[in-house]
Amino acid sequence: MTNTEKMLNKTVAIIKKYYDHSEKHPVLKYTSPDTFKKNIKLNIAKKGMGIDELFNEIEKIALNSPKTNSKWFFNLLVGGEILPAVMAEMLTAVLNNTMHTYKSAGIHILIEQEVIKFLLKKVGYKKGDGIFGPGGSLTNMIALVLARNEKSSSIKKSGIRGEKLVGYTSDQAHYSTEKFISVTGLGKDAIRIIPTDEKWKMNIKKLEENIISDKKKGYIPFYINATAWTTVLGAFDPIEKIAKIAKKHKIRLHVDAALGGWALLSNKHKNLLKGIELSDSVSRSLHKMMNVPLLSAVLLTKNPNILYKNFNENADYLFQMDEKDLNPGNKSIQCGRRNDAFKVWTALKYLWESGYEKRINNEFINAKYATSIIKKDKNLTLVLEPECINVCFQVKWKSASKICEALDKQGRIKVGYGKRKWKEFIRLMTVNADMTKKDIDNFFKQVKNVKI
Ligand SMILES: Cc1ncc(COP(=O)(O)O)c(C=O)c1O
């Protein structure tokens, strides 16, 4: 047997063991960093390991990794998996094509184009363009840069020369807008944090008041970030109404649909994003609710030329062959770029829209079921009627953070907590489409019985 065959066999054996182990041990007991340091040969020594020893270590690592594919994983925003997409991701590593040119990625450029075309159609942009990038946060950043450059034609070349640009996002939006406004060179003071209403959506009255007041003071509003599914509470900002304000004041509207964009594949739930086609750009993290492996995120733009216009450089040592559309490196902020589209294409080919729709609808059904349990139980209090699949609740007289920590340490389930002002609450997310009512029942049993 060649070494390649031996390693392939060992890899397949580890994957099989991992899936078997996940079935039997959906959540691992907490292991301290010190225990890992003792039990796994983490240090990079002068001498390498042989294949057998190395794969023994790899197996231990795999079986001791948090199991995000488990049905008892109710934490954060990845969960579940679509197996053919996992296989496509493994193949992607084997093929190792960088996505800047057709010369280096060939057929994968066409696959990426096809996925972007599909996603644009779902948003409702008639033409448009898109670029895959490293995560929802960074695609939000690209949207900020585009908006900044579009507002002032000299910024791309000469930098900021005193333009007083200001942007707007809600107090429930993801932190990436606040974080990356400083990367655009505008500084954190250039973002206005708009309060949310009683449903924890952006308060559009306050948004317009801020815009008018800024204009009076000589500021130039350039960017509104609306969120489709806020990270903690799962609220959808009223995109259609925000779009009207954006149009009236000539401001670019970006929709952070890192999470919520998945609902566009469900006829029953796509209304949550009503008006998204009126925006100028949209970011999506497909590695979250579309259940493909990390990373897979994309920025979609209504204007089909804006990415090329802003990020094209004359790298004649790189872009030597083929027309510009076949060389997406010239519309990206990256040079070498991972192939994050192949797994999405594979998942869509496998499930198609109807399969995804079924999964999405099931996630909503599970969230509804969880909500009904909370409403019936006098020891549980619902924080907010869920708009999607974030079910936020409190356990009477018990600290949410302590419950979540105890559940994790005791290896029961993985779930996180959120806070708003003085309120701390458990945030159950029915992120795994394969979950059943039995898993939800188990969730509440564990939450209620855990010793803190
Ligand atoms: C609303 C929202 N936008 C953006 C992001 C960032 O996405 P990523 O983790 O892909 O960088 C998140 C992450 O949870 C999010 O909840």
Side-chain angles (χ1 to χ4, degrees), residues 66 68 73-81 85 89 119 123 130-145 147 167-181 183 191 193-194 196 199-202 223-239 242 253-264 272-273 276 279 281-300 333-334 337-338 340-341 343-344 363 367 386-392 414-420 427-432:
T68 58
F73 183 90
F74 302 88
N75 204 31
L76 298 179
L77 309 158
V78 289
E81 67 183 8
E89 175 71 347
L119 297 173
V123 164
I131 189 78
F132 275 78
S137 295
L138 276 148
T139 48
N140 283 342
M141 184 198 80
I142 302 169
L144 266 170
V145 172
Y168 306 84
T169 190
S170 91
D171 65 14
Q172 290 299 305
H174 189 253
Y175 66 82
S176 44
T177 303
E178 259 187 280
K179 181 180 192 163
F180 287 124
I181 190 96
V183 174
I191 198 81
I193 307 295
I194 307 300
T196 39
K199 289 191 171 161
W200 301 9
K201 297 165 180 281
M202 186 189 276
Y223 185 77
I224 302 174
N225 173 67
T227 310
W229 181 345
T230 56
T231 317
V232 177
L233 285 141
F236 285 70
D237 285 341
I239 302 172
I242 295 174
L253 172 60
H254 172 69
V255 180
D256 177 354
L259 299 170
W262 111 128
L264 293 169
L272 287 166
L273 298 104
I276 192 166
S279 64
S281 56
V282 170
S283 52
R284 303 268 327 259
S285 285
L286 304 152
H287 56 247
K288 297 188 191 291
M289 301 314 299
M290 297 287 280
N291 300 152
V292 301
L294 283 151
L295 284 169
S296 187
V298 65
L299 179 76
L300 304 167
I333 57 165
Q334 297 168 262
R337 195 165 56 88
R338 270 178 55 85
D340 290 328
K343 55 198 163 192
V344 182
E363 287 158 15
E387 199 173 6
C388 64
I389 65 160
N390 296 32
V391 185
C392 299
K414 277 202 186 278
V415 65
Y417 64 94
K419 278 185 194 171
R420 199 195 188 205
R427 179 184 59 159
L428 155 67
M429 307 192 55
T430 52
V431 286
N432 189 327

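We use all heavy atoms of the structure for the numbers below, so side chains are in, but hydrogens, waters and symmetry mates are not. Positions are given from 1 along the sequence. Order of appearance sets the numbers: ligands from 1, and atoms from 1 within every ligand.
No side-chain N or O of Asn291 forms a donor-acceptor pair with one of Trp262 less than 3.5 Å apart.
The only option from Thr227, Thr231, Asn140 that meets the side chain to side chain donor-acceptor pair (under 3.5 Å) definition with Asp256 turns out to be Asn140.
Shortest contact from atom 15 (C) of ligand 1 to any protein heavy atom: His174 CD2, 3.4 Å. Looking from atom 16 (O) of ligand 1 to the surrounding protein, the closest heavy atom is Thr231 OG1, 2.8 Å. Ranking protein heavy atoms by distance to atom 14 (O) of ligand 1, first place goes to Leu77 CD1, 3.1 Å. Of the protein's heavy atoms, Lys288 NZ, 2.9 Å lies nearest to atom 9 (O) of ligand 1.
Between Tyr223 and His254, the ring-plane angle classifies as parallel under the 30° and 60° cut-offs.
Remark: the backbone N or O of Thr169 is not paired with any side-chain donor or acceptor of Asn225 at under 3.5 angstrom.
Counting heavy atoms from C-beta on, the side chains of Val232 and Trp200 never come closer than 4.5 Å.
Considering backbone and side-chain N/O atoms, Ser137 comes within less than 3.5 Å of an N/O atom of ligand 1. Note: no N/O pair closer than 3.5 Å links Thr230 and ligand 1 by distance alone. The distance criterion of under 3.5 Å between nitrogen or oxygen atoms is met by Gly136 with respect to ligand 1. For ligand 1, the polar-atom distance check finds an N/O of Asp256 within less than 3.5 Å of one of the ligand's N/O atoms.
Closest of all the heavy-atom pairs between Thr196 and Gln172 is CG2-CG, 3.7 Å.
Residue contacts with ligand 1, taken as heavy atom pairs separated by less than 4.0 Å, involve Leu259 solely via side-chain atoms from C-beta onward.
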